[in-house]
Amino acid sequence: QNGSEKPATSPNGGAKLPPATASGDRMNATFVTLARNSDLWEIAKSIRNVEDRFNRKFNYDWVFLNDDDFNDEFKKVTTALVSGKTKYGKIPTEHWSFPDFIDQDRAAKVREEMKEKKIIYGDSISYRHMCRYESGFFFRHPLMLDYEWYWRVEPSIELYCDINYDTFKFMADNKKKYSFVLSLYEYVDTIPTLWDATKNFTKTHPQHIVKDNSLKFLSDDDGENYNHCHFWSNFEIGNLDWLRSDAYIDYFNSLDHAGGFFYERWGDAPVHSVAAGLMLKKDEIHFFNDIAYYHVPFTHCPTGEQYRLDHKCHCNPKENFDWNGYSCLSRYFELNNMAKPEGYEKEQ
Ligand code: GDP
Ligand code: MN
């Protein structure tokens, strides 16, 4: 203390320090989390990570969605942790139930078969509703209609580096619509006919397929077959108006009627990825190398020691999944003529 000026707050003064927020305007953006009341302590961890590394400087809102009512404890704890406004929404039953065109017996039989085959979540009804909801509805929830940008956060994730700039503004300034940090191959057994359904859609809606897209990320034979690469959707920063566009909604509706959310176990990750890969220009998809991230069982830890030191990263570079044989990141780099970061060979 220099003695001449009164400090902004003294231990006894009782004056509260305002939060140390970044200067400048904010984007029309929100975090969004789909969760159950039982996810409280795992989502609490995620929020703490996101706040410490990013949002305490930006104070963006956070929308929580649930097929049930959130209880008071869930609301109390999450509201205390989030530095922006929190909002809690219940999902309408129509968005979390079997559509009338789905044959329930056929769907039940598939769950039995998938259980025997030990396909992950293969016997779960709620997981299927979740995947369908994240594919086709979250961006249309009344609470989401106020926003243009979203950042999806799931329970139990970690962020490992400081993020010192506004990622939403970055997306807008650079004309990005969708983004990812991890990409990998999907389990084939969960999506055997997703690509056929997609090809049907591209035939009936050719106007929605853009030139200069990322088909090469998705297919090795010019669209004949799907190579199963997808962006992992438990992390997403994206543009809600794109998801609400005719192109995306037409795609979702056509997949929904094909029935694969229930007759197979289509995940929202391949659905978002195929949509982004075909209906966005390739330079509208962004790889956030600087968002160091963990969702069980994979880690994205930025390549390059100096970067990690400068951003106070605490991930172990040996755990970085980027250049692993099961990662699709190399394909994304090749498609976009991007140079792999210096030192990547050492982390393969
Ligand atoms: P995984 O990451 O694919 O293993 O799936 P998660 O269990 O993490 O579920 C994905 C997201 O959906 C998470 O944000 C969960 O909290 C949420 N979720 C999954 N099942 C349900 C459900 O039945 N109800 C609600 N409200 N949220 C769910
Ligand atoms: Mn998860």
Side-chain angles (χ1 to χ4, degrees), residues 30-50 62-75 77-78 81-82 86-98 107 111 114-115 118-144 150-159 180-191 194 228 230-238 260-262 264-273 291 293-300 321 326:
T30 185
F31 288 91
V32 60
T33 292
L34 177 66
R36 296 152 289 211
N37 287 309
S38 59
D39 292 318
L40 172 59
W41 299 109
E42 296 307 314
I43 196 60
K45 272 191 237 171
S46 299
I47 296 171
R48 190 67 256 176
N49 267 268
V50 170
W62 206 305
V63 171
F64 295 90
L65 300 173
N66 188 354
D67 55 307
D68 193 1
D69 289 308
F70 281 114
N71 62 33
D72 288 342
E73 187 189 28
F74 188 100
K75 292 193 227 176
V77 172
T78 53
L81 290 172
V82 174
T86 47
K87 303 180 186 179
Y88 301 87
K90 189 166 178 178
I91 295 167
T93 317
E94 315 86 83
H95 293 173
W96 195 281
S97 49
F98 291 92
R111 292 195 301 275
M114 286 202 172
K115 187 178 182 168
K118 297 199 164 50
I119 294 167
I120 186 167
Y121 301 118
D123 61 340
S124 172
I125 296 177
S126 65
Y127 194 84
R128 284 183 171 79
H129 289 316
M130 182 278 286
C131 290
R132 179 170 176 261
Y133 188 76
E134 293 286 27
S135 297
F137 298 107
F138 83 90
F139 46 85
R140 296 190 257 182
H141 189 282
L143 290 177
M144 298 300 287
Y150 74 102
W151 178 335
R152 173 170 166 183
V153 177
E154 284 204 359
S156 319
I157 61 118
E158 291 186 58
L159 292 184
F180 70 100
V181 290
L182 285 157
S183 62
L184 65 158
Y185 296 94
E186 180 61 301
Y187 301 111
V188 184
D189 286 344
T190 65
I191 49 159
L194 175 64
H228 308 115
H230 66 292
F231 308 120
W232 224 19
S233 63
N234 47 64
F235 167 96
E236 286 178 327
I237 297 176
F261 291 109
F262 298 103
E264 295 179 1
R265 207 226 63 199
W266 293 352
D268 52 282
V271 171
H272 289 181
S273 302
I291 300 186
Y293 176 84
Y294 172 78
H295 176 293
V296 65
F298 299 119
T299 300
H300 165 65
F321 181 69
Y326 203 62

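For clarity, every value in this text was computed on a predicted model and none was experimentally measured. Start at 1 and go down the list; that is how both ligands and their atoms are numbered.
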His295 neighbourhood, listing ligand 1 atoms whose heavy-atom distance to it stays under 4.0 Å: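 Numbered from 1, ligand 1 contributes 2 (O).
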For residues [X] and [Y], determine if any side-chain heavy atom of one lies less than 4.5 Å from a side-chain heavy atom of the other.
X      : Y      : value
Val32  : Phe139 : no
Lys75  : Phe64  : no
Met130 : Trp96  : yes

Sub-3.5 Å N/O-N/O distance, [X] and ligand 1:
X      : value
Pro155 : no
Asp67  : yes
Arg36  : yes
Thr33  : no
Asn66  : yes

If we ignore hydrogens and angles and just use 3.5 Å, is the side chain of [X] paired with the main-chain N or O of [Y] as donor and acceptor?
X      : Y      : answer
His141 : Lys90  : yes
Asp67  : Ile91  : no
Arg48  : Ile43  : no
His230 : Leu184 : yes

Just to verify, which of Ile120, Asp189, Ile191 counts as forming a side chain to side chain contact (heavy atoms under 4.5 Å, CB included) with Arg265? Ile120
How close does the nearest protein non-hydrogen atom get to [atom], and which residue and atom is it?
atom                    : result
atom 3 (O) of ligand 1  : Tyr127 OH, 2.5 Å
atom 4 (O) of ligand 1  : Tyr121 OH, 2.5 Å
atom 10 (C) of ligand 1 : Glu154 OE2, 3.2 Å
atom 9 (O) of ligand 1  : Met130 CE, 3.7 Å
atom 15 (C) of ligand 1 : Leu34 O, 3.5 Å

By the definition ring-ring contact (aromatic ring centres under 6.0 Å, His included), identify the one residue from Tyr121, Phe137, Phe261, Phe98 that meets it with His129.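 Testing His129 for a ring-ring contact (aromatic ring centres under 6.0 Å, His included) against Tyr121, Phe137, Phe261, Phe98 leaves exactly one candidate, Phe98.
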Given Trp232, Phe180, Phe235, the one that forms ring-ring contact (aromatic ring centres under 6.0 Å, His included) with His295: Trp232
Should the proximity of [X] to ligand 1, defined as any heavy atom under 4.0 Å, be assigned to the side chain, the backbone, both, or neither?
X      : result
Trp96  : side chain
His129 : neither
Asp39  : side chain

Glu154: which N/O/S atom is nearest the Mn ion (ligand 2)?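 This residue's closest N, O or S atom turns out to be OE1.
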